[in-house]
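Chain letters run A, B, ... following the sequence lines, proteins first and then strands; every chain starts at 1. Note that the structure is a prediction, hence the values are computed from the model and not measured.
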There are 2 protein chains.
Amino acid sequence: MGRNIYKSDLREFKFLIEDQFHQAKTLFEHPRYSDCSAEIVDDVLQRAKKFATEVLGPGYQEADEQSCHLVDGKVQLPSSFPEMWSRFKEEWGDLSSSSGGQVTDLPPFIMQMLLEMFMGANPSFMTYGGFCLPSSTLVEKYGSEIQKALFKDKLATSEWTSCLCLTEPQAGSDVSLVDTKAARQADGTYLLTGEKYLISAGMHDLTDNTLYFVMGRGEKSGSGTYGLSCFIVPKYWVEEDGSLGEFNHVECISLADKMGFKGCANTHLTFGKNGQCRAYLLGDRENVGLLQFLTLMNQARISTGVYALGMASSAYYNALAYASKRIQGKRFHESFSATASRVNIVEHVDVQRMLLEMKSKVEGCRALIAKLTLSESLLKTFEGDEAKKTEATYHQGLVNLLTPVVKAYISDQAWRICELAIQTCGGQGYLKELGIEQYARDIKVLAIWEGTNYIQSQDLIRDKLGLGNSSKLFQIYKSEFESFINRAGDFPNFKTEFSRLQESFEHLETVLKTVHVWVRTKEMFKIPAYSTRILHMMGDITLAWLLLEAACSASSRLSKGEGDKAFYESKVTSAKFFIRNELPRTKMVMDIIQDHDSFCQVDSPVWDSLLTGVESL
Amino acid sequence: MGRNIYKSDLREFKFLIEDQFHQAKTLFEHPRYSDCSAEIVDDVLQRAKKFATEVLGPGYQEADEQSCHLVDGKVQLPSSFPEMWSRFKEEWGDLSSSSGGQVTDLPPFIMQMLLEMFMGANPSFMTYGGFCLPSSTLVEKYGSEIQKALFKDKLATSEWTSCLCLTEPQAGSDVSLVDTKAARQADGTYLLTGEKYLISAGMHDLTDNTLYFVMGRGEKSGSGTYGLSCFIVPKYWVEEDGSLGEFNHVECISLADKMGFKGCANTHLTFGKNGQCRAYLLGDRENVGLLQFLTLMNQARISTGVYALGMASSAYYNALAYASKRIQGKRFHESFSATASRVNIVEHVDVQRMLLEMKSKVEGCRALIAKLTLSESLLKTFEGDEAKKTEATYHQGLVNLLTPVVKAYISDQAWRICELAIQTCGGQGYLKELGIEQYARDIKVLAIWEGTNYIQSQDLIRDKLGLGNSSKLFQIYKSEFESFINRAGDFPNFKTEFSRLQESFEHLETVLKTVHVWVRTKEMFKIPAYSTRILHMMGDITLAWLLLEAACSASSRLSKGEGDKAFYESKVTSAKFFIRNELPRTKMVMDIIQDHDSFCQVDSPVWDSLLTGVESL
């Protein structure tokens with residue numbers, strides 16, 4: 001085992017719980033979370049940090065060096081993972097499941113804080129257990145009684161792991177091309193044949209069994225996404241009495257050699273190639289697979305944002321720590337002074353610019369995830385409560401709207417944060433020893449997997465924002481935004497910031513109107529030219545909003561003379577910096593879209609000229 | 001040896017020579033380049049591409065896999081390098097030196113095209129011979145007669161290599177902290193003691209000898225940069241009769257393990273640790289080392305831009321080639337149509353957005369380097385010509401001004417281009433096999449070495465732009481710019497583009513005025529908060545200008561119905577795309593600077609609040 005490089009600041013979580021989202025405390029008063037309290041949460045977070053830095057973190061760089069290997073059909077994981085798994089399972093394996101021990105049911109709002117630390121400390125390792133809880137929920141929601149009995153608790157307690165199998169060589173972003181076949185047998189089970197590709201954490205011996213949730217196609221099903229069904233394929237067959245049967249012919253034929261995330265085995269799997277591969281159809285209904293997978297995929301998209309945040313945050317803290325110690329050069333305005341002393345590079349204004357961009361983005365992304373998971377947490381307290389139906393619709397809407405933003409905006413910003421973190425540390429930043437370069441390599445995949453960031457922007461613009469036609473979800477977003485903006489009068493010190501934020505929101509509304517005009521004028525082809533930028537615009541606005549909200553909370557503390565003065569002051573700095581230096585992008589993007597160019601005109605396709613001579617390059 | 005992944009398009013070079021910079025042809029009429037002709041250049045470029053793809057390229061991914069290793073004090077390079085070196089030396093070793101064979105003196109304008117292909121095909125390999133020619137020039141310029149006799153030709157013909165030794169563990173960006181000591185001996189040579197750190201290509205057996213150009217300090221020299229001297233330290237001592245003497249105690253004590261550029265041995269060197277290390281003082285004058293190094297460092301900064309361009313360009317072409325073959329999904333506006341066919345992803349507008357951002361930046365950066373090297377080439381024809389003194393000052397000014405832009409802007413954009421190239425290829429982009437992820441890893445160091453990009457922006461704003469005080473160099477830049485803008489009337493089709501470009505230039509002028517106000521109001525500390533962005537602003541404007549210039553050349557061809565129609569049309573597309581989608585940053589940055597915030601106020605330092613609790617992260 002190596003050295004831990006993971007860094008985090010528990011004050012950040014405390015601030016979210018006690019200040020910015022102080023209404024979260026009411027969660028603990030709900031029966032659903034009755035075994036939770038502020039003290040218990042405080043203790044859990046401290047234990048989680050200890051676990052992240054003492055157990056998970058020391059295996060981070062080692063996993064990158066060792067990588068995974070396919071030896072005689074078996075996948076060898078980094079050497080620290082088996083021991084790490086048993087400790088993880090013991091201490092955290094059934095956290096947040098409703099089946100386990102003392103404090104088992106943490107609200108997602110708190111869970112994401114733990115996961116941020118775990119995923120930031122050892123992202124590759126966390127992929128192995130990552131789908132346990134979501135797929136346990138999936139089985140609970142859609143599974144037959146026998147499936148629930150056989151699989152739910154095994155997954156909820158991390159006794160077995162779960163693996164999500166969607167992608168095939170020819171079916172990446174285009175899920176409708178999935179070709180895995182399932183033939184129904186007389187006993188109601190299926191025989192599966194097909195290949196799955198780039199499947200994360202697809203093969204390992206950490207657990208006695210693995211359940212593959214496989215997207216496939218029944219024999220009588222049509223082509224396209226509506227012919228897809230979800231199958232549960234145990235690596236070792238599970239008899240109806242729960243006993244383990246024989247090997248079920250799920251085999252790994254190769255591992256992908258990747259830029260990063262090397263401790264995560266990205267497998268090329270075959271099903272039923274060298275023998276029968278039996279499967280249960282999830283919930284006994286064919287052709288509803290994509291709908292069933294949606295919960296799982298949405299959870300995976302949120303997790304992607306948390307992975308990105310966990311690593312980017314640690315990259316920032318590592319850069320900050322380095323900048324606080326490295327002495328180099330004089331300050332710019334004293335550079336020709338013979339008597340001026342050399343300073344820690346944190347005193348160089350350009351370094352501060354980089355640190356503040358990282359800091360404000362990391363804190364803003366954390367607040368964004370907190371906002372989403374607070375709504376998720378509230379939703380759980382509304383379950384089965386008819387009186388809360390309207391509120392539930394409202395919060396579900398927020399969750400749905402923010403999910404693609406969390407996935408795509410945070411993963412894109414995390415890459416940028418790593419660029420700055422490396423740059424802050426100069427030559428050291430480029431070396432493996434410091435570890436920041438590994439964060440960059442690990443983070444890059446997050447913009448690709450679980451639906452590329454362009455796919456997220458399609459989902460946002462088309463399905464969530466109704467192609468600019470003032471969708472219900474946008475109305476929810478707007479009413480949340482306005483209830484914040486209406487507090488401007490209470491914070492005269494932030495008058496400028498509130499007004500900039502308001503202006504940016506108007507830029508977004510203008511853009512959405514333009515999008516809707518394109519729909520009416522049959523120019524829909526223009527939308528994908530800008531959808532990625534529109535998603536980023538929404539991310540920028542939401543971050544500015546949440547950072548300013550944080551600054552308001554902090555300034556209330558400051559004016560009362562309470563607490564950690566420097567910490568609260570730095571919250572004000574984050575908001576001011578982001579609003580003045582990053583938020584101006586919204587106006588630029590609006591102007592670009594208003595002045596949209598013709599590169600995407602279908603009648604004069606640019607790709608023709610791009611491609612001439614491509615063969616001889 | 002592996003598979004070559006390097007891709008390039010010779011039409012690009014042809015276009016620069018024959019169209020955009022057609023005045024370059026007059027170079028061949030000058031006696032200096034009399035053994036050059038359009039035909040010979042064409043042949044050389046074709047041979048260079050062949051060499052890049054057939055000899056250098058196949059070792060690119062292998063060098064990354066094998067890396068360099070320190071075994072018993074010796075540095076093992078990737079296994080393909082020795083054979084590659086002998087072929088390189090034979091075919092290209094004395095190119096552009098005045099000492100060698102048939103067509104030896106290529107103008108820098110052409111040389112950069114060759115180097116773009118070589119550095120793009122195998123950047124690590126190219127570091128070993130990279131300083132041969134520049135340091136041969138250095139010896140010619142500053143060396144004593146005996147030094148010229150001993151070293152100049154050995155370097156010019158790549159018989160021996162040269163290695164630049166500046167950085168020490170405590171002296172990175174802050175060169176003034178260099179601590180290597182040199183004690184003058186009775187015979188006029190020196191004894192050197194000290195350590196150098198992160199020295200690229202610092203130890204190898206490709207050649208019989210290596211000459212280290214070491215920045216050190218004489219015994220009587222003061223501290224700071226003015227006490228620095230440049231020493232020539234042969235790995236094996238060179239007697240005055242040219243014969244090789246004994247080992248000179250330059251030793252490698254460790255290699256840096258890095259994110260990329262793994263075939264380049266980044267060495268920690270000791271001088272005179274285990275025995276006497278003798279050195280020649282360059283040109284027999286102490287305390288002028290930094291001035292002497294300047295030529296070398298400027299050349300290294302330009303080369304950094306060429307490395308970045310070479311790799312980023314190939315990353316773009318690889319992404320383009322992938323996009324032209326990968327079939328996935330339907331077009332956005334047809335996505336719900338059952339009859340619409342699936343398309344190559346190049347037909348997806350979001351993919352086109354990424355390809356066009358890459359394309360326009362790659363082409364713009366190539367034109368930027370061409371502009372700089374055309375001036376360099378002209379300067380060589382002016383040498384010793386009193387009548388050309390004014391012109392020489394003009395072109396030297398342009399070279400000096402553009403050098404930090406070439407270094408910093410291109411290396412930053414190259415990282416962004418790789419991000420887009422990976423993203424275009426989705427999951428495949430993240431795999432090692434495709435090779436694009438290696439370009440990203442290799443490129444990241446370019447923003448750091450040879451002076452971090454912030455150092456470049458300091459150089460630009462303070463030393464080249466005179467802190468906004470309408471410097472002579474800016475006047476030269478402006479007059480070049482205006483002579484282009486004045487051609488607007490000839491191109492009515494580009495009226496909008498010319499006017500956008502003009503506006504952007506005014507944004508830059510406004511910003512420079514603001515900078516100068518800060519100097520007068522003693523607020524110089526604000527400058528480094530924005531200097532990186534000002535450098536990027538200048539890069540954006542220069543690219544837009546050169547891309548529009550290219551579009552004008554192309555449209556002249558198009559209107560005459562000459563040549564490769566699709567290629568010329570794509571030049572117009574590049575300019576239009578960049579000006580509409582990238583150039584708007586100049587207004588945003590101007591607005592940000594006009595509305596500058598207080599994070600850099602010296603009287604309320606932000607770093608204090610940033611650093612509270614840093615120890616416990």
Side-chain angles (χ1 to χ4, degrees), chain A residues 7 9 172-174 198 256-259 317 320-321 324 328-329 332-333 346-347 349-350 352-353 355-356 415 422-423 426-427 430-432 437 444-445 447-448 452 454 524-525 528-529 532 566-567 569-570 573 576-577 580-581 584 588 591-592 597 599-600 606-607 609-612 614 617, chain B residues 7 9 172-174 198 256-259 317 320-321 324 328-329 332-333 346-347 349-350 352-353 355-356 419 422-423 426-427 430-432 437 444-445 447-448 452 454 524-525 528-529 532 566-567 569-570 573 576-577 580-581 584 588 591-592 597 599-600 606-607 609-612 614 617:
Chain A
K7 289 181 187 291
D9 188 345
S173 293
D174 193 348
L198 292 180
D257 195 6
K258 315 183 300 291
M259 182 182 201
Y317 288 130
L320 179 64
S324 74
Q328 200 77 176
F332 181 77
H333 63 286
V346 75
E347 295 201 29
V349 174
D350 184 67
Q352 289 171 29
R353 168 189 68 83
L355 291 171
L356 287 176
W415 172 252
I422 292 171
Q423 195 67 22
Y430 195 63
L431 302 188
K432 294 216 156 196
E437 64 85 33
K444 191 68 209 81
V445 77
I448 299 166
T452 67
Y454 165 60
M524 259 182 69
F525 58 85
T532 301
F567 178 80
E569 278 174 350
S570 86
T573 305
K576 288 192 167 181
F577 181 88
R580 279 197 173 69
N581 292 277
M588 180 179 77
D591 289 343
I592 289 172
D597 58 6
F599 81 84
C600 51
V606 300
W607 62 87
S609 66
L610 289 185
L611 292 180
T612 55
V614 70
L617 292 175
Chain B
K7 287 181 188 290
D9 188 344
S173 293
D174 193 348
L198 292 180
D257 195 6
K258 315 183 300 290
M259 183 182 201
Y317 288 130
L320 179 64
S324 74
Q328 200 77 177
F332 182 78
H333 62 286
V346 75
E347 294 201 30
V349 174
D350 184 67
Q352 289 171 30
R353 168 190 67 83
L355 290 172
L356 287 176
E419 175 188 8
I422 292 171
Q423 195 68 22
Y430 196 63
L431 302 188
K432 294 215 157 197
E437 65 84 32
K444 190 69 208 80
V445 76
I448 298 166
T452 67
Y454 165 60
M524 261 183 64
F525 58 86
T532 301
F567 179 80
E569 278 174 350
S570 86
T573 305
K576 287 192 168 181
F577 181 88
R580 280 196 171 70
N581 292 277
M588 181 179 78
D591 288 344
I592 289 173
D597 58 6
F599 81 84
C600 51
V606 300
W607 62 86
S609 65
L610 290 185
L611 292 180
T612 55
V614 69
L617 292 175

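- Rounded to the nearest 0.5 Å, atoms CE (A/Met259) and CE (B/Met259) are 5.5 Å apart.
- A/His333 approaches B/Phe525 most closely through the heavy-atom pair ND1-CB, 3.6 Å.
- Between B/Ser609 and A/Phe567, every side-chain heavy-atom pair lies at or beyond the 4.5 Å cut-off.
- Between B/Ile448 and A/Gln423, some side-chain heavy-atom pair lies under the 4.5 Å cut-off.
- Interface check for chain A: of the options B/Ala447, B/Gly427, B/Ala256, the most heavy-atom pairs under 4.5 Å are formed by B/Ala447.
- Counting heavy-atom pairs closer than 4.5 Å to chain A, the top residue among B/Val349, B/Leu431, B/Thr452 is B/Val349.
- Between A/Ala321 and A/Lys7, the closest heavy-atom pair is CB-CE, 4.0 Å.
- For B/Asp591, no part lies under 4.5 angstrom from a heavy atom of chain A.
- In terms of heavy-atom pairs under 4.5 angstrom with chain B, the leader among A/Asp174, A/Leu320, A/Val346, A/Asp9 is A/Asp174.
- Only the side chain of B/Leu356 has a heavy atom closer than 4.5 Å to any heavy atom of chain A.
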Applying side-chain contact (heavy atoms from CB on, under 4.5 Å), run through B/Arg580 and A/Ile592 and close with a yes or a no. CA-CA 7 Å; B/Arg580 280 196 171 70; A/Ile592 289 172; 5.8 Å; no

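- Nearest approach of A/Thr612 to B/Ala566, heavy atoms of both residues: CG2-CB, 3.3 Å.
- If you measure heavy-atom distances from B/Thr573 to chain A, the contacts under 4.5 Å come from the side chain alone.
- Considering only heavy-atom pairs separated by less than 4.5 Å from chain B, the leading option among A/Gln328, A/Lys258, A/Glu437 is A/Gln328.
- Interface residue B/Leu610: backbone and side-chain heavy atoms are both found under 4.5 Å from chain A.
- Per-residue counts of heavy-atom pairs under 4.5 Å with chain B were compared for A/Val445, A/Leu611, A/Thr532; the largest is that of A/Val445.
- Smallest separation of non-hydrogen atoms from A/Tyr430 and A/Ile422: N-CG2, 4.2 Å.
- Between chain A and the options B/Asn581, B/Leu198, B/Leu355, the largest number of non-hydrogen pairs under 4.5 Å is found for B/Asn581.
- If you measure heavy-atom distances from B/Val614 to chain A, the contacts under 4.5 Å come from the side chain alone.
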